[in-house]
Amino acid sequence: MRGIFPALLERELRLAIFFGADTLASMLFFILCAALFPLALGPSPSMLHQMAPGILWVCLLLSSFPPLDRLFNNDFEDGSLDQLMISGLHPAAIALTKMIAHWLTTAVPLLIAALILGLMFGLEAREFPVILGSLALGSASLSLIGGMVAAISLGARRGNILLPLLGIPLSVPILIFGAGASYGPQLNISSASNLYFLGAFFFVTMPLCPLAASMGLKEACR
């Protein structure tokens with residue numbers, strides 16, 4: 001039983017590598033979305049530097065959701081999800097495994113892209129640790145919330161539309177506290193309180209989202 005969880009995680013990572021185009025598409029969407037802001041706001045270096053944390057956070061939020069559409073759908077359509085549900089692994093553990101795989105294969109590449117975009121927007125070296133740390137912590141919560149919504153909307157008509165409609169409003173607190181923390185170094189104020197809220201949000205969503213997702217999976221496979 002203990003070996004099922006790492007084996008499932010390895011399977012999810014292998015599938016993500018096989019469907020690498022999804023990760024690439026998410027990164028390109030992130031970069032293109034961020035590249036639109038200089039076109040709309042103007043190429044002023046000081047303005048781009050001032051707005052960079054907010055731009056990175058909005059683009060990360062929007063880029064996290066498209067890959068979630070296939071998080072459970074492919075396994076649901078080919079019957080693999082039914083096999084997983086009778087494998088002896090709790091449905092919450094199945095959901096958590098897929099959420100972890102989503103963070104590793106989607107959020108981590110986006111963090112690398114955020115580092116490159118931060119350099120293009122003129123962020124200073126002292127700003128990167130807080131911005132990347134908050135993005136890493138916030139993206140983990142986004143994967144948990146997105147995975148939960150993907151499981152709940154599994155099998156529903158227009159499920160791909162429900163994902164952002166349900167997931168983005170639930171992610172607003174992460175955006176607020178994450179952007180607040182990211183602006184700390186730029187405004188010479190402490191980011192600790194916002195990071196604490198991000199951490200608290202993560203520790204709340206960590207047990208609750210997989211449990212809620214498990215109910216969605218059970219309902220879809222009934």
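Leu81 has its side chain within reach of Leu154: a pair of non-hydrogen atoms, C-beta onward, lies under 4.5 Å apart. Using a 4.5 Å cut-off on side-chain heavy atoms (C-beta onward), Pro185 and Ser191 make contact. Side-chain contact between Ser139 and Leu110 is absent, with no heavy-atom pair separated by less than 4.5 Å. Within the 4.5 Å cutoff, no side-chain heavy atoms of Leu144 are placed close to those of Trp103. Residues Ser171 and Leu175 form no side-chain contact, since every pair of their non-hydrogen atoms from C-beta on lies 4.5 Å or further apart.
The distance from atom CG of Leu198 to atom OG of Ser193, rounded to the nearest 0.5 Å, is 10.0 Å. The CG atom of Leu84 sits 6.5 Å away from atom NZ of Lys98, with the distance rounded to the nearest 0.5 Å.
Under 3.5 Å, the side chains of Ser26 and Thr106 contain no donor-acceptor pair of N or O atoms.
Placement of Phe65 and Leu32 in two distinct hydrophobic clusters is found when ILVMFWY residues are connected by side-chain heavy-atom separations under 4.5 Å, directly or transitively. No single ILVMFWY cluster, assembled from side-chain heavy atoms under 4.5 Å apart, contains both Tyr183 and Trp57. Leu170 and Ile168 fall within a single hydrophobic cluster, where Ile, Leu, Val, Met, Phe, Trp and Tyr are joined by side-chain heavy atoms under 4.5 Å apart, directly or via other members. Under a hydrophobic-cluster definition in which Ile, Leu, Val, Met, Phe, Trp and Tyr are linked whenever side-chain heavy atoms come within less than 4.5 Å, directly or via other members, Phe72 and Leu163 are assigned to the same cluster.
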Let me see the working for Thr23 and Thr105 under side-chain hydrogen bond (donor to acceptor under 3.5 Å, both in side chains), right down to the final yes or no. CA-CA 7 Å; Thr23 300; Thr105 57; 4.8 Å; no

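Considering all non-hydrogen atoms of both residues, Ala101 and Glu12 come closest at CB-CB, 3.5 Å.
No more than 12 heavy atoms of other residues, nucleotides or ligands sit less than 6.0 Å from atom CD of Gln50. Counting heavy-atom neighbours within 6.0 Å of Phe197 CZ, excluding the residue itself, gives a total of 12 or less.
Classification of Arg11 and Asp75 as a salt-bridged pair holds, one side-chain N sitting under 4.0 Å from a carboxylate O.
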